[in-house]
*Asks:* 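Quick one: the structure is below, and I'll ask about it shortly.
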There are 2 protein chains.
Amino acid sequence: MSEGFAEPKPRRRQARGERRIAQLLQAAANVFCTTGYTAASTNAIAREASVSPGTLYQYFPNKEAIAVELGGRLMHEMREAHGQAFTPENFELPLPDLIDAVVDPLIEFNCQNPVFLALMHGSEIPGRIAEEHDELHASLLARVGDLIGHYVPDIPSDERARIADMTFAVFKGGLALVLAAPEGPEREATIVELKRVLVRYLDPVVGDAAGAPEPPPRP
Amino acid sequence: MSEGFAEPKPRRRQARGERRIAQLLQAAANVFCTTGYTAASTNAIAREASVSPGTLYQYFPNKEAIAVELGGRLMHEMREAHGQAFTPENFELPLPDLIDAVVDPLIEFNCQNPVFLALMHGSEIPGRIAEEHDELHASLLARVGDLIGHYVPDIPSDERARIADMTFAVFKGGLALVLAAPEGPEREATIVELKRVLVRYLDPVVGDAAGAPEPPPRP
DNA sequence: GAGAAACGCGAGTGATCACTCGTGTTTGCC
DNA sequence: GGCAAACACGAGTGATCACTCGCGTTTCTC
């Protein structure tokens with residue numbers, strides 16, 4: 001009965017080990033992007049990282065742990081990206097500028113980490129990641145809801161939730177389109193168009209109560 | 001060299017066989033929905049259909065063929081659904097009614113065939129389905145583009161394409177939200193909200209050239 | 001520089017998967 | 001009724017996958 005410690009692993013890592021982990025996660029991201037989580041084999045990940053299967057299993061107990069660690073790191077970066085998007089001073093911006101401030105970092109992050117959507121979107125992924133994703137999703141929704149509540153203080157909470165949900169869903173749909181567009185002017189134009197959707201959808205919502213009544217004339 | 005016929009299969013099917021095929025496709029749809037295409041095993045599909053693995057392979061040469069046949073049938077139904085959505089008389093409707101006429105059948109179809117999105121959306125699916133889906137996608141985009149061109153005849157083609165792309169992307173994002181909502185009043189409210197997004201986005205586009213200048217007051 | 005521990009390897013292992021095959025049953029046709 | 005073909009079965013087969021293990025190498029610590 002003694003020594004019932006369930007301590008995970010007081011394992012000392014060397015610098016080489018940390019490097020290998022980063023290398024393996026990068027390889028896993030590539031393989032997950034191209035083949036998806038389920039069809040990605042651990043041997044393929046090891047091969048992509050130019051190491052043996054045994055080496056991979058020195059750092060990760062199983063395939064799911066790779067995805068969880070990768071997802072966790074991406075989630076952390078994502079929180080930073082959207083943390084700087086929802087600063088208090090942005091709350092006072094006019095709607096188009098606010099949308100710029102919120103949307104740009106999120107798009108930038110997803111463009112540079114396409115594996116994020118690949119991991120979060122599939123219904124094939126392990127439950128652990130889905131939970132973390134749900135948390136992040138709920139957190140983002142709450143922030144959008146706060147924003148709407150700030151512009152329209154007396155909105156019913158169910159309506160506010162519905163608008164936040166729809167805003168986020170529209171963003172996700174547009175984000176997929178942005179990621180599908182080739183980098184360059186075409187992608188930029190798609191981003192502009194996505195922001196146009198959001199502005200036109202939200203302007204009447206916030207415009208009713210805030211002081212941004214008239215839409216600017218289109219060129 | 002003689003008998004170089006590549007005839008697929010002049011196989012005579014009995015009524016029992018046709019029934020089995022429908023039964024197997026239904027079972028496959030269930031399994032694909034819950035586990036995804038890659039993780040779905042042919043044995044699991046056979047079990048869901050209460051037949052033996054050997055019976056399954058009497059009607060389908062391999063796992064991909066099941067998905068292709070299922071996708072093909074869904075695609076056919078889908079074309080019917082959106083064929084009745086883009087009838088010429090709908091072209092003359094005011095924007096909100098037009099959106100009702102186009103969006104409602106598509107949502108209805110996807111609600112009753114959730115496996116459709118599951119098959120079309122994954123990046124894990126066999127190439128054959130992706131091709132068919134691309135065709136359908138392009139066809140739908142063209143219809144939306146025609147619609148925009150009808151309302152705004154002198155719009156530049158690249159801008160028209162971008163608007164059609166974004167409209168469809170927004171719809172897909174909202175559709176995911178609709179499918180995630182529980183059936184009943186909540187789903188209906190989500191559908192209404194999705195239509196609101198589309199109307200607000202497209203109204204300034206078509207309003208510039210057509211005769212629907214003023215938005216109705218919101219209650 | 002010697003011992004310990006982290007690192008690295010790759011053939012091997014058991015499980016699972018897509019798919020086959022030999023055999024028995026049902027159906028359509030004369 | 002009898003024959004041929006379609007239907008149905010489920011144990012079996014080879015391939016592949018996640019994961020292990022024994023052993024050799026590098027790095028840290030003293």
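All chains are named by letter (A, B, ...) in the order of the sequence lines, taking the proteins before the strands, and each is independently numbered beginning at 1. Here the structure is a predicted model, which is why all the values come from computation and not from measurement.
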*Asks:* Looking at A/R196 and A/E193, does any basic side-chain N land under 4.0 Å from a carboxylate oxygen?
*Replies:*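 Here A/R196 pairs with A/E193 in a salt bridge, since their nearest N and O are under 4.0 Å apart.
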
*Asks:* Who are the side-chain hydrogen bond (donor to acceptor under 3.5 Å, both in side chains) partners of A/Q23, not counting sequence neighbours?
*Replies:*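 Listed in chain order: A/R20.
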
*Asks:* Using the ring of each side chain (for Trp, its six-membered ring), is A/F168 parallel, tilted or perpendicular to A/H137, with breaks at 30° and 60°?
*Replies:*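 Taking A/H137 first and then A/F168, their aromatic rings stand perpendicular (interplane angle over 60°).
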
*Asks:* Where does the angle between the aromatic ring planes of A/Y37 and A/F32 fall among parallel (under 30°), tilted (30 to 60°) and perpendicular (over 60°)?
*Replies:*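 If you compare the ring of A/Y37 with that of A/F32, the planes turn out tilted.
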
*Asks:* List the protein contact pattern of nucleotides 18-28 of chain C with one symbol per nucleotide (5' to 3'): B for base contact, S for sugar-phosphate-only contact, - for none; contact means a heavy-atom distance under 4.0 Å.
*Replies:* SBB-----BSS

*Asks:* Starting at atom CZ of B/R19, determine the distance to atom P of D/dA6, rounded to an integer number of angstrom.
*Replies:*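 Rounding to the nearest Å, CZ of B/R19 and P of D/dA6 are 17 Å apart.
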
*Asks:* Send over the distance from B/Q58 CD to D/dA8 P, rounded to a whole Å.
*Replies:*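 Value for this atom pair: 7 Å.
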
*Asks:* Does a nitrogen or oxygen in the side chain of A/Y59 sit under 4.0 Å from OP1 or OP2 of C/dA6?
*Replies:*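 Negative; the distance criterion is not met.
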
*Asks:* Are any of the side-chain nitrogens in B/E69 or B/R73 under 4.0 Å away from the carboxylate oxygens of its partner?
*Replies:*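 Here B/E69 pairs with B/R73 in a salt bridge, since their nearest N and O are under 4.0 Å apart.
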
*Asks:* May I have the distance from B/I66 (atom CD1) to C/dC17 (atom P), rounded to whole angstrom?
*Replies:*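 Going from B/I66 (CD1) to C/dC17 (P), I get 14 Å.
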
*Asks:* For the pair made of CG in A/L56 and P in D/dC21, what is the distance, rounded to whole Å?
*Replies:*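 Rounded to the whole Å, the gap is 16 Å.
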
*Asks:* What is the distance from CZ of A/F60 to P of C/dA6, rounded to the nearest Å?
*Replies:*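 Result: 17 Å.
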
*Asks:* What class does the angle between the rings of A/F109 and A/F116 fall in, given that below 30° is parallel, 30 to 60° is tilted and above 60° is perpendicular?
*Replies:*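 If you compare the ring of A/F109 with that of A/F116, the planes turn out perpendicular.
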
